[in-house]
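Below you'll find the structure, written out as structure tokens, and then a few comments.
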Amino acid sequence: MTHNRSFAEFILSVAEGPRMTTIATRSDNNSKQTNMTLTEDRELHEECGVFAVFGVHDAAMLAYYGLHALQHRGQEACGIVRVNNREFKRIKGEGLVTEVFNEENLATLNGEMAIGHVRYSTKGNGGEGNENIQPFMFRHSTGDFSLAHNGSLVNALQLKKYLEDSGTLFHSTSDSEILAHLIKKESDCHDRLYAIVDALNMIEGAFAFIIMTASRIYVCRDKHGLRPLSLGKFNGGYVVSSETCAFDVVGAEFIRDVEPGEVVVIGKDGLTSVDYSKFKRYNMCAMEYIYFARPDSDIEGTNVHAFRKESGKLLYHEAPADGDIVVGVPDSSLSAAVGYSEASGIPYEMGLIKNRYVGRTFIRPSQELREKGVRMKLSAVRGIVNGKRVVLIDDSIVRGTTVRRIIGMLRQSGAKEVHMRIASPPMTHPCYYGVDTSSREELICTRAKDVEAVRESIGADSLAYLSLEALYKAGGRSELCAACFTGDYPTPTEIYQSVEGVSRAKRL
Ligand code: SF4
């Protein structure tokens with residue numbers, strides 16, 4: 001466990017970590033049929049994005065635009081809560097930001113404070129009602145408050161049992177509600193800030209929490225630094241966002257990232273800061289850089305596009321391929337493909353086109369719709385790939401289903417060879433921090449016995465991954481969470497060992 005090691009030991013283990021670049025090559029050019037029965041595509045899903053506005057006229061309208069910029073972080077549901085003259089009002093619903101909100105209903109959310117949330121659910125395929133849609137609202141004798149959360153708590157089961165045993169009734173199945181009940185308990189004997197600090201010290205895991213009271217917004221980031229959260233200013237007020245791309249969209253100015261273990265209080269006197277924990281790490285989720293975040297976002301000082309492009313360059317140096325064209329899987333792999341092309345001198349081509357008008361149907365996380373969605377979403381461009389040796393760049397392989405289909409599509413469109421290069425190490429472990437990577441058994445890299453078996457399963461002519469060392473180097477980072485590649489989780493393992501048997505459906 002990283003947190004039990006000295007910093008020097010941690011750095012050493014990273015430096016000495018296994019180089020995972022291994023190239024497997026096909027023995028012939030015939031596409032082999034896989035005999036693996038995989039049930040889901042490769043798509044990874046994160047749970048959500050959060051956005052907050054303080055001290056700005058029509059705060060909810062600004063939150064709407066902020067959430068729209070964060071839509072890639074969750075498409076299942078969204079909501080906004082505003083405060084006006086100490087009165088809370090909320091609008092929330094299933095669907096995209098543009099489906100839930102319109103000019104009419106936004107006009108009813110007048111006020112100068114608002115928080116918003118976009119959500120992806122591992123079980124959001126209908127029937128669960130809207131009780132899990134955030135932001136949540138809570139009434140309490142010490143003052144009402146609203147809360148929005150991105151991430152997942154690894155000690156949620158234990159805390160839920162503790163709270164239920166002491167009489168708490170939960171309204172949702174979400175981890176996020178746990179913090180609210182802990183705050184309510186602590187608020188009976190503490191000032192609100194100290195109640196929040198005490199509550200935060202009871203939870204473990206990945207989180208970016210935004211808590212809005214009648215007069216303040218509290219912005220909290222987990223002590224491991226797993227989830228991104230940034231502060232900005234706008235028209236004399238403040239904004240908070242999961243990603244900085246939303247600041248550019250609304251015209252806000254970036255101030256700084258919220259530090260791991262920090263609570264920033266936004267009130268009429270400006271910003272104040274306290275640490276809820278002296279333990280601080282910068283274990284930012286590597287998948288934020290690799291896959292989730294928008295390329296125009298900066299995370300902890302590194303631009304996401306620049307990170308991906310550099311990883312593509314390093315991937316070429318570690319795993320060169322003979323090809324006529326470099327093609328990236330849209331959209332998250334395009335930056336890495338550009339980097340690979342620049343480093344190799346092999347021209348970058350648009351060999352795959354994404355249909356940008358696929359509606360929400362695609363995004364619903366049900367297997368049947370995913371299957372249909374992949375075919376609707378991507379097409380190979382025959383005029384580009386026909387007769388070519390294609391170097392195909394993807395950001396990651398999770399279950400292998402999607403990439404197998406894409407390779408099949410390229411071959412059907414006449415590609416002579418397909419050399420697969422992955423801009424991350426093999427994914428071998430599940431995530432406990434809110435990313436739906438599925439169970440270990442579903443990951444192709446743990447099911448297949450080696451890289452050659454994965455290559456054969458997906459039908460590529462050759463396959464290679466980026467090394468762990470290069471992943472750190474791409475962002476110039478000495479710390480990252482890379483647990484889904486290494487199994488080296490930044491939080492105590494004994495907690496999630498006990499959670500492991502619980503269905504993923506428990507995590508929201
Ligand atoms: Fe991100 Fe993987 Fe760590 Fe989860 S385990 S937080 S997906 S790097």
Task: Criterion side-chain contact (heavy atoms from CB on, under 4.5 Å) on Gln134 and Cys78, from CA distance to verdict - done: CA-CA 7 Å; Gln134 298 188 34; Cys78 58; over 6 Å; no
TODO: Please test Phe207 against Leu229 for side-chain contact (heavy atoms from CB on, under 4.5 Å), starting from the C-alpha separation and ending with a verdict.
DONE: CA-CA 9 Å; Phe207 57 83; Leu229 195 60; over 6 Å; no
Task: Verdict with reasoning, Val219 to Val263, per side-chain contact (heavy atoms from CB on, under 4.5 Å) - done: CA-CA 5 Å; Val219 182; Val263 181; over 6 Å; no
Open item on the list: Using the rule given for side-chain contact (heavy atoms from CB on, under 4.5 Å), can you reason through Val265 versus Leu271, listing the C-alpha separation, both sets of side-chain angles and the distance that settles it, and then say yes or no?
Closed with: CA-CA 6 Å; Val265 187; Leu271 304 180; over 6 Å; no
TODO: Check the pair Phe170, His181 against ring-ring contact (aromatic ring centres under 6.0 Å, His included), reporting the backbone distance first and the verdict last.
DONE: CA-CA 9 Å; Phe170 280 84; His181 291 297; 4.8 Å; yes
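Side-chain atoms of His117 come within 3.5 Å of backbone atoms of His149 as a donor-acceptor pair (strictly under, hydrogens ignored). For the pair Asp198 (side chain) and Ala195 (backbone), a donor-acceptor distance under 3.5 Å is absent. No donor-acceptor distance shorter than 3.5 angstrom exists from the side chain of Arg281 to the backbone of Leu226, with no hydrogens or angles considered. At least one donor-acceptor pair closer than 3.5 Å links the side chain of Arg192 to the backbone N or O of Gly143. Checked by atom type and distance alone, the side chain of Arg82 pairs as donor or acceptor with a backbone atom of Glu87 at under 3.5 Å. For Glu243 (side chain) and Ala246 (main-chain N/O), no donor-acceptor pair under 3.5 Å exists by modelled atom type. A donor-acceptor pair under 3.5 Å is formed between the side chain of Asp222 and the backbone N or O of His224. The main-chain N or O of Ser297 is never found under 3.5 Å from a side-chain atom of Thr244 such that the two would form a donor-acceptor pair. With hydrogens and angles disregarded, no donor-acceptor distance shorter than 3.5 Å links the side chain of Thr168 to the backbone of Glu164. The closest donor-acceptor contact from the side chain of Asp275 to the backbone of Lys278 lies at 3.5 Å or more, if one exists at all.
Counting all heavy atoms, side chain and backbone alike, Pro490 lies closest to Asn283 at CB-ND2, 3.6 Å. Considering all non-hydrogen atoms of both residues, Cys445 and Tyr465 come closest at SG-OH, 3.3 Å. For the residue pair Ser146 and Val81, the shortest heavy atom distance occurs at OG-CG2, 3.5 Å. Closest non-hydrogen pair, Leu179 versus Ala199, comes out as CD1-CB, 3.7 Å. When all heavy atoms are compared, the tightest approach of Val239 to Ala252 is CG2-CB, 3.5 Å. When all heavy atoms are compared, the tightest approach of Cys48 to Arg73 is O-NE, 3.2 Å.
Ala180 is linked by a side-chain contact (heavy atoms from CB on, under 4.5 Å) to Phe138, Phe145, Leu147, counting only residues two or more places apart in sequence or in another chain. The side-chain contact (heavy atoms from CB on, under 4.5 Å) test applied to Ala214 returns Arg86, Phe88, not counting sequence neighbours. With sequence neighbours excluded, the residues forming a salt bridge (Lys or Arg N to Asp or Glu O under 4.0 Å) with Asp165 are Lys161, listed by chain and number.
With 3.5 Å as the limit, one finds a donor-acceptor pair spanning the side chains of Tyr433 and Thr491. Thr108 and Lys89 share a donor-acceptor pair across their side chains, judged by distance under 3.5 Å alone. Between Ser174 and Asn132, the side chains place no donor N or O within less than 3.5 Å of an acceptor N or O (distance only, hydrogens not considered).
Considering only heavy atoms from C-beta on, Ile290 comes within 4.5 Å of Leu471 through its side chain. Put simply, the side chain of Asp296 does not reach to within 4.5 Å of the side chain of Val304, judged on heavy atoms. In this structure, Ile299 and Asp257 have side chains that are not in contact, with every pair of non-hydrogen atoms separated by 4.5 Å or more. Counting only heavy atoms from C-beta outward, the side chains of Leu480 and Tyr289 approach each other to under 4.5 Å. Leu468 is listed as a side-chain neighbour of Tyr472, based on a closest heavy-atom distance under 4.5 Å. In this structure, Val50 and Ser241 have side chains that are not in contact, with every pair of non-hydrogen atoms separated by 4.5 Å or more. Inter-residue side-chain proximity for Thr272 and Val264 is flagged as unmet; no heavy-atom pair is nearer than 4.5 Å. Taking the side chain as every heavy atom from C-beta outward, Leu182 and Leu159 approach each other to under 4.5 Å.
Sequence neighbours left out, the pairs with a member in residues 143-154 that pass salt bridge (charged side-chain N to carboxylate O under 4.0 Å, His left out) are Arg139-Asp144. Residue pairs that meet the salt bridge (charged side-chain N to carboxylate O under 4.0 Å, His left out) test with at least one member in residues 176-187, sequence neighbours left out, do not exist here.
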Identify all side-chain donor-acceptor contacts of residues 53-66 below 3.5 Å with residues at least two apart in sequence or on another chain.
none

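When the options Glu300, Glu262, Glu259 are evaluated for a salt bridge (Lys or Arg N to Asp or Glu O under 4.0 Å) with Arg221, the one that passes is Glu300.
Salt bridge Lys280/Glu479: absent, no basic N to carboxylate O contact under 4.0 Å. Salt-bridge formation is detected for the pair Glu204/Lys223: a Lys NZ or Arg NE/NH1/NH2 atom is positioned less than 4.0 Å from an Asp or Glu carboxylate oxygen.
Other residues, nucleotides and ligands contribute at most 12 non-hydrogen atoms within 6.0 Å of the CZ atom of Arg216.
The distance from the OG atom of Ser176 to the CZ atom of Phe136 is 5.5 Å, given to the nearest 0.5 Å. For the atom pair Ile91 CD1 and Ile80 CD1, the distance stands at 8.0 Å (nearest 0.5 Å).
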